[in-house]
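Note on naming: letters A, B, ... go to the chains in the order of the sequence lines (proteins, then strands), and numbering restarts at 1 for each one. Below, all heavy atoms of this structure are taken into account, side chains as well, without hydrogens, waters or symmetry copies.
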Amino acid sequence: MLEIRNLHVSIEDKKILNGLNLTVHDGEVAAIMGPNGSGKSTLSYVIAGKEDYEILDGEILLDGENVLEMEPDARAAAGIFLAFQYPLEIPGVATMTFLKAAMQAQRKARGEVELSTAEFMKRVRDGANQLGIPQDMLKRGLNVGFSGGEKKRMEILQMALLEPKFCILDETDSGLDIDALKVVSEGVNRLRGKDRSFLVITHYQRLLNYIVPDTVHVMAHGQVVKSGGKELALELEANGYADYKTLAA
Amino acid sequence: MSDVTPMRTPAESALIAAFPAARKNLPGNSTVIAMRESAFNRFEAKGLPHRRVEEYKYTDLRAAVREALPLAAAPDAKTLASLAGVTDPFAALDADRILIVDGHFVASQSASVIAGVTIHDLGEALSSGQGIEALGTIAKADDAALALNAAFMQGGVVIAIAKNAKPAKPLYVRCVVTGTAPHAVYPRVLISIGEGADVTLIETQQGPDGVAYQVNGVVEIKAGAHSKVQHVRLNAQGNAAIDMSTLGTDLGEHVEFKSLNFVTRPALSRHQVFARFSGEHIKFDVSGAALLKDKQHADSTLYVDHAMPHGESRELFKHVLDGESTGVFQGKIVVQPIAQKTDGRMMSQAILLSDNATMNNKPELEIFADDVACGHGATCGALDEDLLFYLRARGLPKPEAEALMLAAFVGEALEKIENDTVRDVLEAETQNWLLARAVK
Ligand SMILES: Nc1ncnc2c1ncn2[C@@H]1O[C@H](COP(=O)(O)OP(=O)(O)O)[C@@H](O)[C@H]1O
Ligand SMILES: [Mg+2]
């Protein structure tokens, strides 16, 4: 599904990713854990195509195709989805309008027919119900005045509606209480399947009790410094990141 | 050198030369003639305002008005017939319509019987002196555009709305400029609104593309106590036109007054609002939106005089500037010593879509009362890159993502429009502008 080879990235002359390698197979849920500032969000932005970064070396292949050449919207249409660590508020753009624009734009980019309004409404309604998102929230400006938990649910709703094949969740657990964490995790788990892969970025092991990963990768200083199975997350929880802070330095 | 009156420009000389003959042909009894002459003298003393005149610092009329154009004549049958080919932007609006062509009221194509509303030809009223007592007393300022209109006004309409009248439909004043030869048009609309009345006034200013005509229009609105007024103005003048407009308001106590001006088309426009608060507890809301490209220029200038206590004013101006366009916002809010408990909020926001676009912001507060809550803000910058990325990461191509954000930006002002059809029309105008930009 996704293969990252020797990725070197800097921003404002500051080197953040230092030869990162990572492979996520079809249907795999890979967790990335690492201390704050290790470059996790940077990695997610670079995969999604944010323009602020300078790619010094390396490649990112989605099903063999180098996505670094693609515009962010083309990457989205190709199936990459990033659930933002800090979803942005867009005043004046009604959530419903935004969802429709995004769904139709992706369908158009893939050469698929547009959804009928009825079908669109049904999908949004069903998706919102499953995530406990009240319908009237969909009429409000996107994320405007939403609580932290509501914003994260909205990210998962978007993910469910857009049906991407490679989903990145950047600290989706941050700011969630335990009930919201369960709802969001169930939302993610419903989407798991053999043709869809996940990169679950988290600082804490807690999320991985609910979204159980196939693999766990430890990131430090812009590299993956250790990979293993889900037990690696428990080990990190017990010992903290102290061991890794020096490892790559 | 700068305080020496500069040499007259050819346009100024021509305007001055044209006045004596024009005065003889323009309608007006002796009072009106005196008004025209005094206004003309004010203009003659100073000429066209230029960049060293504070109020016109960013809109230099001396430089922009290169020619004094002949005054447009009253439309003949052929001209009126040609209107069939001119699209009315508010064709879909269910309204009582008033038509002004080339500055002249067209009775045959205007509503005549509306409950609670009387409509008269201003040209006739100027001659008879009937019903124009308030003329020139509402829009009052030492201003060159206003003076020129007072000197040269050809006609227009006088509208009176009776006490407690609530006309079922909006009153729609449509001003159309015709012809392929450029003319000067000076329409004036005088509106008095009775106590407790509730009315929606829609105004369109439109004319042909590719003709460098000039319009200098004035709308005066006197609103009686406890009345409610919503005024929406669509500036759809042609792409080579110069449009000067002045809105003067005199508001009684407890009046709720809202006005919005919307601009996308003319080469150069200036919309100035002079508002006087003559009663307590007024709610005043004036806003504007301009979407500009190429070398277009749009100026919004306000002078809000809080002369009574407990007044509330809200000003929101939005400029979207592409190409080499220029936006201007000048807003002055004065709070007189007596005007305690004034609550004023003025905001000007601009989005620059090009490195060559310019926004000039000049908000000013002059507060002479101590117990007031007043503030102003001005922002100017590019579209937020992080928001754009968020939208693009969801699959929206860049032009669509930008269009969505710009529509939302302008929408904040359009939201103030209460009539759904009117708001739809201006939203569609916005979409058309954004679409034209996206396919470019
Ligand atoms: N826009 C930026 N400009 C400069 N430094 C940045 C920028 N964004 C992130 N960084 C730096 O890059 C490093 C990695 O940040 P980030 O990817 O957000 O880490 P994480 O998500 O693992 O906490 C941090 O040291 C951070 O300060
Ligand atoms: Mg992060």
Side-chain angles (χ1 to χ4, degrees), chain A residues 44-53 67 70-95 97-110 112 140-144 151 154-155 157-159 161-164 167-168 170, chain B residues 260 262 287-289 291 316-320 345 347 349-351 377 379 381-417 420 423-424 426-431 433-435 437-439:
Chain A
S44 70
Y45 284 141
V46 169
I47 299 173
K50 199 164 195 237
E51 279 156 3
D52 312 0
Y53 302 95
V67 303
M70 295 158 65
E71 297 287 319
D73 42 298
R75 298 187 200 196
I80 291 176
F81 182 91
L82 166 61
F84 282 60
Q85 180 171 2
Y86 303 108
L88 300 169
E89 301 191 2
I90 311 198
V93 177
T95 304
T97 308
F98 160 77
L99 291 173
K100 189 163 187 180
M103 284 168 78
Q104 305 294 32
Q106 291 204 13
R107 296 181 80 83
K108 195 170 155 198
R110 292 195 291 257
E112 298 165 11
R140 285 158 55 187
L142 181 62
N143 292 327
V144 178
K151 286 180 184 168
M154 195 56 77
E155 293 290 289
L157 174 62
Q158 291 168 35
M159 188 166 93
L161 293 173
L162 293 168
E163 303 176 315
C167 309
I168 309 163
D170 189 2
Chain B
L260 177 137
F262 184 86
S287 54
L291 297 117
L316 177 64
F317 285 78
K318 301 269 189 175
H319 283 85
V320 175
R345 296 263 172 282
M347 176 58 89
Q349 297 172 323
I351 291 182
T379 63
L383 278 172
D384 185 318
E385 288 292 335
D386 290 336
L387 290 183
L388 274 178
F389 172 66
Y390 187 57
L391 294 174
R392 297 187 70 195
R394 295 296 177 257
L396 293 171
K398 191 173 183 190
E400 282 182 40
E402 290 182 343
L404 201 61
M405 285 178 63
L406 293 169
F409 174 77
V410 172
E412 241 190 298
L414 301 186
E415 244 171 42
K416 293 171 179 285
I417 301 172
D420 292 337
R423 195 174 53 248
D424 287 349
L426 298 192
E427 281 174 357
E429 288 275 325
T430 304
Q431 286 302 334
W433 191 90
L434 293 171
L435 211 64
R437 176 172 184 270
V439 299

## Note on the structure
Of all heavy-atom pairs linking P91(A) and A408(B), the shortest is O-CB, 3.5 Å

### Query
Counting heavy atoms not belonging to K416(B), are there more than 12 under 6.0 Å from its NZ?
yes

### Message
Need one label for E400(B): side chain, backbone, both or neither, based on atoms under 4.5 Å from any heavy atom in chain A.
### Response
side chain

### Query
Which heavy atom in A393(B) sits nearest to a heavy atom in A76(A), and how many Å separate them?
O-CB, 3.3 Å

### Close side-chain approach of E51(A) and R392(B), heavy atoms under 4.5 Å
yes

### Task
State, to 0.1 Å, how close A105(A) and P397(B) come at their nearest heavy-atom pair, and which atoms those are.
CB-CD, 4.1 Å

#### Entry: Residue, of M159(A), E71(A), E155(A), that accumulates the most heavy atom pairs under 4.5 Å with chain B
E155(A)

### Query
With side chains defined as the heavy atoms from C-beta onward, is the minimum distance between Y390(B) and L142(A) less than 4.5 Å?
yes

### Task
Check for a donor-acceptor pair, side chain of R394(B) on one end and backbone N or O of D73(A) on the other, with a separation under 3.5 Å.
no

### Message
If I measure from the heavy atoms of chain B, does A109(A) come under 4.5 Å with its side chain, its backbone, both, or neither?
### Response
neither

#### Entry: Segment of L88(A) engaging chain B (4.5 angstrom heavy-atom cut-off)
both

### Query
Does any non-hydrogen side-chain atom of D386(B) lie less than 4.5 Å from one of Y86(A)?
no

### Query
Which bit of Q104(A) comes within less than 4.5 Å of chain B, counting heavy atoms only: side chain, backbone, both or neither?
neither

### Query
Who wins among D52(A), T97(A), L162(A), V93(A) for the most heavy-atom pairs under 4.5 Å with chain B?
V93(A)

